[in-house]
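Computed from a predicted structure; not experimentally measured. The first residue of the sequence shown is numbered 1, and numbering continues consecutively from there.
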Amino acid sequence: EGRRYMPGVKDWLKKASSDLKASKKLSDDFETFDCSVFHTHQCAEKSLKAFIVLAQKAIPKTHDLGLLLDYCIGINNEFLLLQQESKNLDSYGYASRYPNDAFYADEKIVEEAIEMAEKILITVKNKIR
């Protein structure tokens, strides 16, 4: 039986970048704001997982940005600087996915979410160079 291909750092970053691009494309229409913020969470999650792969650690099976960030902080405490971003983006991974009266996104929320996801992605990219 062949060994399953394990995605590397570049694979994770490519997916994270793709999610960020999708988020930006969906951010110009109020009917897709929920999808836009969902992709910001995906970008952040995949960025953090890329860093964990870079550190040659096993990726925890979670979508929880707080847990993933704690894992990254354990590897490099500079990730402490991303606590607010990961806390804010975390709810977008589930709250924006299904019909939910409690979830609301406006232009400002979408804009801020994109900035936060981009900050996480850039932070990880800077650790690789």
J.: Does Ile128 form a side chain to side chain contact (heavy atoms under 4.5 Å, CB included) with Val124? I'd like the steps, not just the answer.
T.: CA-CA 7 Å; Ile128 289 162; Val124 173; 4.3 Å; yes
J.: I'd like to know whether Asn76 forms a side chain to side chain contact (heavy atoms under 4.5 Å, CB included) with Phe51, so could you lay out the CA-CA distance, the side-chain angles of the two residues, the decisive distance to 0.1 Å, and finally the verdict.
T.: CA-CA 10 Å; Asn76 182 329; Phe51 181 71; 3.8 Å; yes
J.: Check for a donor-acceptor pair, side chain of Ser17 on one end and backbone N or O of Leu13 on the other, with a separation under 3.5 Å.
T.: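 Pair found, side chain donor or acceptor close to backbone of Leu13.
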J.: Find out if a path of hydrophobic residues (ILVMFWY) with successive side-chain heavy-atom gaps under 4.5 Å connects Tyr92 to Leu26.
T.: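 Unlinked, Tyr92 and Leu26 end up in two clusters.
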J.: Once you round to the nearest 0.5 Å, how far does NZ of Lys46 lie from CH2 of Trp12?
T.: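 Nearest 0.5 Å value for the NZ-CH2 distance: 7.5 Å.
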J.: Ion pair present between Lys119 and Glu115, side-chain N to carboxylate O less than 4.0 angstrom?
T.: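 Looking at Lys119 and Glu115, the cut-off is not met.
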J.: Could you tell me whether Glu45 and Lys15 make a salt bridge, using a distance below 4.0 angstrom between a side-chain N and a carboxylate O?
T.: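 Not counted as a salt bridge, because no side-chain N and carboxylate O are separated by less than 4.0 Å.
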J.: What distance separates His39 NE2 from Asp34 CG, expressed to the nearest 0.5 Å?
T.: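 If we round to the nearest 0.5 Å, His39:NE2 and Asp34:CG are 9.5 Å apart.
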J.: What pair of heavy atoms forms the shortest contact from Asp106 to Lys108, and how long is it?
T.: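 Distance-wise, the nearest heavy atoms are OD1-N, 3.1 Å.
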J.: Looking at SG of Cys72 and NZ of Lys49, how far apart are the two atoms once the value is rounded to the nearest 0.5 Å?
T.: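 Atom-to-atom, Cys72:SG and Lys49:NZ are 11.0 Å apart.
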J.: How long is the straight-line distance from OG1 of Thr123 back to CG of Leu48, given to the nearest 0.5 Å?
T.: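 Here the interatomic distance stands at 9.0 Å.
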J.: Flag yes if Leu89 and Leu80 sit in one hydrophobic cluster, no otherwise; membership is Ile, Leu, Val, Met, Phe, Trp, Tyr, and two members link when side-chain heavy atoms are under 4.5 Å apart.
T.: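 In one cluster with Leu89: Leu80, yes.
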J.: Can you tell me how far CG of Leu20 sits from CG of Leu121, rounded to the nearest 0.5 angstrom?
T.: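 With rounding to 0.5 Å, CG (Leu121) is 6.0 Å from CG (Leu20).
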J.: Could you go step by step and tell me if Gln84 and Met116 meet the side chain to side chain contact (heavy atoms under 4.5 Å, CB included) rule?
T.: CA-CA 9 Å; Gln84 198 55 57; Met116 289 185 278; over 6 Å; no
J.: Is the backbone N or O of Gly8 less than 3.5 Å from a side-chain atom of Asp11, with the two atoms forming a donor-acceptor pair by type?
T.: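 Yes: the side chain of Asp11 pairs with the backbone of Gly8.
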J.: Give a yes or no on whether the backbone of Cys43 and the side-chain of Ser47 come within a donor-acceptor separation of less than 3.5 Å.
T.: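 Such a contact is found between Ser47 side chain and Cys43 backbone.
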J.: Counting only heavy atoms from other residues, nucleotides and ligands, does the tally under 6.0 Å from CD of Glu107 exceed 12?
T.: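 No, CD of Glu107 has 12 or fewer neighbouring heavy atoms, counting only those of other groups under 6.0 Å.
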J.: Check whether Ile52 and Ile122 end up in the same hydrophobic cluster, where Ile, Leu, Val, Met, Phe, Trp and Tyr are linked by side-chain heavy atoms less than 4.5 Å apart.
T.: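 Unlinked, Ile52 and Ile122 end up in two clusters.
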J.: Given the rule that I, L, V, M, F, W and Y join up when any side-chain heavy atoms are under 4.5 Å apart, are Leu67 and Ile73 in one cluster?
T.: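 No; tracing contacts between hydrophobic side chains, which count when under 4.5 Å, never links both residues.
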J.: We want to know whether Ser36 and Ser23 form a side-chain donor-acceptor pair, criterion being a heavy-atom distance below 3.5 angstrom.
T.: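 Ser36 vs Ser23: donor-acceptor pair found between side chains.
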J.: Do Leu68 and Ser86 have side chains that approach each other closer than 4.5 Å (heavy atoms only, starting at C-beta)?
T.: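 SC-SC contact between Leu68 and Ser86 ruled out.
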J.: Does the pair Phe30 and Val110 meet the rule for a side chain to side chain contact (heavy atoms under 4.5 Å, CB included), with working shown?
T.: CA-CA 10 Å; Phe30 76 95; Val110 172; over 6 Å; no
J.: Evaluate the ring planes of His41 and Phe38, with Trp represented by its six-membered ring, and classify them as parallel (under 30°), tilted (30 to 60°) or perpendicular (over 60°).
T.: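 Rings of His41 and Phe38: parallel, as their planes differ by under 30°.
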J.: With rounding to the nearest 0.5 Å, note down the distance linking CD in Gln42 to OG1 in Thr40.
T.: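 Answer rounded to 0.5 Å: 9.0 Å.
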J.: Using atom types as modelled and distance alone, determine if a side-chain donor or acceptor of Asp90 lies under 3.5 Å from a backbone N or O of Leu65.
T.: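 Here the side-chain-to-backbone pair exists.
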J.: For this output row, return yes or no: ring centroids of Phe79 and Tyr71 closer than 6.0 angstrom.
T.: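 So the answer is no for these two rings.
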